[in-house]
There are 2 protein chains.
Amino acid sequence: MSQHRHPGAPGRAGAVPALPDLPEATVARLPEYLRALHNLAETGHETVSSEGLASAAGVNSAKLRKDLSHLGSYGTRGVGYDVALLIDQIEYVLGLTQRRAVALVGVGNLGHALAGYDGFVSRGFRIAALFDADAARVGEEINGLVVRHIDELPRVAAEEAIAIGVIATPASAAQSVADQLVAVGVTSILNFAPCVLSVPEGVDLRKVDLAIELQILSFHEHRKASLTALPATGGSALTALPGGLAVTDPQEAIGT
Amino acid sequence: MSQHRHPGAPGRAGAVPALPDLPEATVARLPEYLRALHNLAETGHETVSSEGLASAAGVNSAKLRKDLSHLGSYGTRGVGYDVALLIDQIEYVLGLTQRRAVALVGVGNLGHALAGYDGFVSRGFRIAALFDADAARVGEEINGLVVRHIDELPRVAAEEAIAIGVIATPASAAQSVADQLVAVGVTSILNFAPCVLSVPEGVDLRKVDLAIELQILSFHEHRKASLTALPATGGSALTALPGGLAVTDPQEAIGT
DNA sequence: AGGCGCTTGTGAAGGCGTGCACAAATCGCG
DNA sequence: CGCGATTTGTGCACGCCTTCACAAGCGCCT
Ligand SMILES: NC(=O)c1ccc[n+]([C@@H]2O[C@H](COP(=O)([O-])OP(=O)(O)OC[C@H]3O[C@@H](n4cnc5c(N)ncnc54)[C@H](O)[C@@H]3O)[C@@H](O)[C@H]2O)c1
Ligand SMILES: NC(=O)c1ccc[n+]([C@@H]2O[C@H](COP(=O)([O-])OP(=O)(O)OC[C@H]3O[C@@H](n4cnc5c(N)ncnc54)[C@H](O)[C@@H]3O)[C@@H](O)[C@H]2O)c1
């Protein structure tokens, strides 16, 4: 509809215009496209069709085209999308050109793994600091970073511009940690602790809960079992299912 | 719409009847309710209102009531829900009464953390086996379990009824591992490797990608910054936004 | 026993997301 | 220079999900 503003119309994609407000579902898929694009770029592809990129990202091609159309027209009809240009565009939209600083709080079992994870760095982020409350852990060096005491958070936050806080503490400490992060100006939090956090409006909160993922799988497992076990028993809705056990299409990434 | 099947129509809720086919969005929230309910049970609550449970789980109370109504009528008007009964119901529906066996493949950085995670056990699962391809890692004992070589997967799968496979290998090995899991009859897979996996129909696949979560947060961060920086610049869609920077919706915590 | 307050369960409306199907646009080639 | 092959961008319809609002149901108190 209306006219699409062509961001870098004349050519350069540097000083891009205002951010379009994308549908949340689209935002959740852009990182997926980005990863697929990087793979394509590494294997020498200069352009890619919506079909090709869609299958590389594991989505429907119509969905992909609609998603990309939200950022403007960066494809060429009859040809496809320029891989390098699209990478630049998506990275810009996602705000990955700034290598945001991430603070990790809770350097235990999981925290250690996260601190040593190279996916942080390779995909646009920078671990700026590690924090823990346990004096025994403070001072330990992981991957070139020294674990600091959580009380130092305000001071460190003043030095580094911490954009994102990652919580990997026990659930009992998570709300307190979240409060402290918010207090020093962090406006995005990723929470690994299995609990509900409350944060003020304006602060974005996402959660990763392994047990929930497993329980969702368990449900489908249970359902599949009950279908094969008693094929014509349950009645009504169950047997009314057409294909039986079609893979649902998990990850909203939205969500979820 | 259509006919609603009230599971335990005649009464008893013990040997529950056929599984209702729940909306996917509901399934994804049930684990959240379950965790909140366990917390409530531990703090001595015998019943809870939809409002109370909803805020404990971080959702809207209407949504919660509709979700629960899909499993049947287990609440009492004017009173609320019986906590213990609801726990039983949800655990049954999610198939958690069977303590499903989980196999973890890839005992590296992340795999170690997962293997030592007590959330597996405390929330209805059982780690049945650990696998790795690296001979140097095979034989290592973690949390009472010995790491086995991935080649032993078929044999172990024959002994233990592995319900869920968790992939924590590098992305390059993930598809191969998934194929091997499928080959031995695993029909649910949780993938931590940042790549798209393809599995046959009938196999459920979920994915956890830390970098994607961070990139989604980065987008909102970027957007918030561009809003406050140039309040009336962008034009069109941006200024058309009503509330400005309302937190999108992710897993917002509303409770107090 | 009856009324009153509280809470559930749900009908209906609106919004969002998905996928189809096709017109518009671009390239390559004769 | 025009035509056909190809692929994008999108209008549209449908279905899922969310949310509101309220009638029905339940317990308690008088
Ligand atoms: N280990 C896993 O694989 C895994 C998987 C999914 C989720 N989780 C969740 O992630 C969280 C961490 O798990 P873990 O296994 O690493 O636990 P852990 O006990 O090994 O580590 C927790 C760390 O947090 C630190 N801590 C406690 N209170 C703190 C505070 N107020 N401020 C700063 N640091 C504090 C502790 O000192 C400890 O080092 C838990 O909530 C767990 O449920 C873990
Ligand atoms: N470390 C983290 O915090 C983290 C976070 C998110 C995602 N991930 C992802 O999880 C995966 C594992 O990360 P990591 O840091 O533990 O890596 P890692 O290299 O430490 O561990 C990978 C393990 O998988 C094993 N492996 C390799 N090929 C195998 C095969 N074919 N069969 C069985 N085992 C095999 C390796 O021997 C190694 O022990 C990666 O895909 C990574 O991107 C890691």
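Each chain gets a letter, A, B and so on, in the order the sequences are listed, and its residues count up from 1.
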Check every atom of [options] against the side chain of [X] and return the nucleotide holding the closest atom.
X	options	result
A:Ser73	C:dG9, D:dG9, D:dT19	D:dG9
B:Glu24	C:dA21, D:dC17, D:dC20	D:dC17
B:Pro23	D:dC17, C:dT10, C:dG17	D:dC17

Can you check the [X] [atom1] to [N] [atom2] distance for me, whole Å?
X	N	atom1	atom2	value
A:Arg65	C:dC22	CZ	P	13 Å
A:Leu22	C:dC16	CG	P	14 Å
B:Gln89	C:dT8	CD	P	17 Å
B:Asp67	C:dT10	CG	P	13 Å
B:Asn60	D:dC17	CG	C1'	12 Å
B:Tyr74	C:dT8	OH	C1'	15 Å
B:Arg29	D:dT18	CZ	C1'	8 Å
B:Leu68	C:dT7	CG	C1'	13 Å

Q: Check whether the side chain of A:Lys66 and the base of C:dG19 form a donor-acceptor pair under 3.5 Å.
A: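 Indeed there is one.
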
Distance check: side-chain N/O of [X] vs OP1/OP2 of [N], anything under 4.0 Å?
X	N	answer
B:Ser49	C:dT7	no
A:Tyr81	C:dT26	no
A:Ser50	D:dT7	no

Q) Considering residues at least two apart in sequence or located in another chain, which fulfil the side-chain hydrogen bond (donor to acceptor under 3.5 Å, both in side chains) criterion with A:Asp179? A)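 Residues passing side-chain hydrogen bond (donor to acceptor under 3.5 Å, both in side chains) with A:Asp179: A:Gln175.
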
Q | Sequence-distant partners of B:Gln215, side-chain hydrogen bond (donor to acceptor under 3.5 Å, both in side chains), two or more places apart | A | none

Might you list the N or O atoms of the protein lying below 3.5 Å from N or O atoms in nucleotides 26-30 of chain D, with each pair's distance?
{"from": "D:dC26", "atom 1": "O4'", "to": "B:Arg77", "atom 2": "O", "distance (Å)": "3.3"}

Q: Using side-chain contact (heavy atoms from CB on, under 4.5 Å) as the criterion, list what pairs up with B:Ala36, not counting sequence neighbours.
A: B:Leu53, B:Ala56, B:Ala57

Q. Considering residues at least two apart in sequence or located in another chain, which fulfil the side-chain contact (heavy atoms from CB on, under 4.5 Å) criterion with B:Glu91?
A.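 Residues passing side-chain contact (heavy atoms from CB on, under 4.5 Å) with B:Glu91: B:Leu34, B:His38, B:Ile87, B:Leu96.
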
**Q.** Charged N-O contact under 4.0 Å between A:Arg123 and B:Asp209
**A.** yes

Q) Which residue pairs pass the salt bridge (charged side-chain N to carboxylate O under 4.0 Å, His left out) test with at least one member in residues 67-77 of chain B, sequence neighbours excluded? A)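 Output for this query lists B:Arg29-B:Asp67.
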
Q.
Please check this pair: side chain of A:Ser218 against backbone of B:Gly95, looking for a donor-acceptor N/O pair closer than 3.5 Å.
A. yes

